[in-house]
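Remember, it's a predicted structure, so these values are computed and weren't measured experimentally. Every number for a ligand or one of its atoms is a count from 1 in the order of the listing.
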Amino acid sequence: MTKMQDTGRVAGKIILLTGGAMGLGEAAAKRLISEGARLIITDHNAEAGQKTALALGDNAEFLEQDVSDPDRWIEIIAEVEEKYGRLDVLINNAAVTVYGSIADVSYEDFKRCFTVDVDSIFLGCKAALPLMGKTGGSIINFSSAAAMNATADLAAYCSAKAAIPMLTKSIALYCAREKNGVRVNAVLPGTILTPNVQSVANASPDPDALLEQFAMAQPVGHMGEPDDIAHLVVYLASDESKFATGAGFAVDGGLSI
Ligand SMILES: NC(=O)c1ccc[n+]([C@@H]2O[C@H](COP(=O)([O-])OP(=O)(O)OC[C@H]3O[C@@H](n4cnc5c(N)ncnc54)[C@H](O)[C@@H]3O)[C@@H](O)[C@H]2O)c1
């Protein structure tokens with residue numbers, strides 16, 4: 001391990017980031033590393049996760065994790081505690097997008113969406129809080145603009161993402177009551193051009209038309225870039241946001257207005 005940077009907005013912070021192999025997680029990981037963090041990224045895609053961690057350099061490591069597995073959460077937090085003695089920031093980013101209207105989506109897929117997107121946050125916070133509460137810290141939960149703007153063909157995803165800001169508020173109030181120094185906030189991105197969004201477009205009959213449709217959904221007329229969200233994550237991970245808790249931060253080109 002190289003010497004930790006002693007400058008930067010999150011210098012020396014121990015940060016656990018789920019779903020860090022690609023997309024918004026990877027973009028946030030890059031920003032956090034450049035601001036001096038020590039990062040543990042997890043993902044169920046071990047090959048991509050290892051590759052990303054390697055590219056991030058000596059201050060990043062990878063652990064394989066299915067975020068919907070309760071036992072794995074316990075193991076990972078125990079590993080972090082043994083190695084670092086504390087956890088400063090938990091970023092619950094991993095999720096799946098399940099497509100389909102109420103007529104099309106199966107009950108199995110509906111439940112899978114909630115298990116990966118919502119249960120994972122419950123499990124992660126429950127497992128991490130006893131450790132984080134010893135020293136204080138910041139929890140960042142990824143929701144979506146879809147939490148506020150319903151789409152007929154995203155019945156499972158919209159409702160799962162809507163549960164996250166409320167779960168975030170409840171955990172934030174618990175932490176405030178406990179005076180454990182842990183802040184808990186939600187991030188609500190609009191449509192951001194990630195590999196996931198690009199692959200959805202590629203799978204459609206007219207990818208360019210769908211990308212244009214995604215862009216025009218935002219009142220500003222374009223999609224966001226992964227760094228638009230990564231900068232917010234750095235702010236929430238840093239002590240700059242020390243008075244923010246229980247909030248939902250929309251970065252969505254006006255989609256939720
Ligand atoms: N990209 C967007 O436009 C957008 C918009 C709003 C919200 N979001 C949210 O932001 C977050 C990141 O989005 P993204 O576009 O980068 O998604 P993505 O699908 O590209 O990345 C998600 C990561 O999570 C991992 N993952 C999926 N299921 C997992 C599981 N069970 N266990 C562990 N890892 C798992 C994937 O392998 C992937 O690396 C998600 O919570 C998403 O819902 C994204």
Answer yes when [X] and [Y] have at least one side-chain N-carboxylate O distance shorter than 4.0 Å, and no when they do not.
X	Y	answer
Glu81	Arg86	no
Glu26	Lys51	no
Lys13	Asp239	yes

Backbone N/O of [Y] and side chain of [X]: donor-acceptor pair under 3.5 Å:
X	Y	answer
Ser101	Asp104	yes
Asn45	Ala48	yes
Ser241	Tyr235	yes

Next on the checklist: Within the 3.5 Å criterion, strictly below it, is a donor on Gln65 or Asp69 matched to an acceptor on the partner's side chain?
Outcome noted: no
Checklist entry - Side-chain donor-acceptor pair under 3.5 Å between Glu64 and Thr42, yes or no? => result no
Please state which option from [options] has its nearest heavy atom closest to [atom].
atom	options	answer
atom 23 (C) of ligand 1	Gly19, Pro195, Gly190	Gly19
atom 1 (N) of ligand 1	Thr115, Ile192, Thr52, Leu188	Ile192
atom 37 (O) of ligand 1	Asn141, Asp43, Leu193, Ile41	Asp43

Checklist entry - Applying a strict 4.0 Å limit to heavy atoms, is Glu26 in contact with ligand 1? => result no
Item to check | Heavy atom of Asp66, distance to ligand 1 below 4.0 Å | outcome: yes
Please confirm whether [X] comes within less than 3.5 Å of ligand 1 when only nitrogen or oxygen atoms on both sides are compared.
X	value
Ser144	no
Asn45	no
Ser68	no
Tyr157	yes
Val116	no
Thr191	no

Item to check | Residue pair Arg72, Asp66: steps toward the salt bridge (Lys or Arg N to Asp or Glu O under 4.0 Å) verdict | outcome: CA-CA 7 Å; Arg72 188 63 182 135; Asp66 177 345; over 6 Å; no
Protein contact to [atom] [nearest heavy atom, distance to 0.1 Å]:
atom	value
atom 32 (N) of ligand 1	Val67 N, 3.0 Å
atom 16 (O) of ligand 1	Leu24 N, 2.8 Å
atom 18 (P) of ligand 1	Asn196 CB, 3.9 Å
atom 35 (C) of ligand 1	His44 CD2, 3.3 Å
atom 40 (C) of ligand 1	Asn93 O, 3.2 Å

Item to check | Criterion salt bridge (Lys or Arg N to Asp or Glu O under 4.0 Å) on Arg38 and Glu61, from CA distance to verdict | outcome: CA-CA 9 Å; Arg38 171 80 205 171; Glu61 68 189 280; 3.1 Å; yes
Closer than 4.0 Å to some heavy atom of [X] - which atoms of ligand 1 meet that?
X	answer
Lys161	40 (C), 41 (O), 42 (C), 43 (O)
Phe142	10 (O), 11 (C), 41 (O)
Ala95	24 (O), 27 (C), 40 (C), 41 (O), 43 (O)
Met22	20 (O), 38 (C), 39 (O)
Gly23	16 (O)
Gln65	32 (N), 33 (C)

Is it the side chain (CB and beyond), the backbone, both or neither of [X] that lies under 4.0 Å from ligand 1, heavy atoms counted?
X	answer
Thr194	side chain
Ser143	backbone
Met223	neither
Ile229	neither

With a 4.5 Å heavy-atom cut-off, do [X] and [Y] have their side chains touching?
X	Y	answer
Ile40	Val80	yes
Val184	Cys175	yes
Glu225	Leu193	no

Checklist entry - Should Leu123 and Leu16 be counted in the same cluster of Ile, Leu, Val, Met, Phe, Trp and Tyr side chains packed under 4.5 Å apart? => result yes
Next on the checklist: Just checking Phe214: does its CZ atom have more than 12 heavy atoms from other residues, nucleotides or ligands closer to it than 6.0 angstrom?
Outcome noted: yes
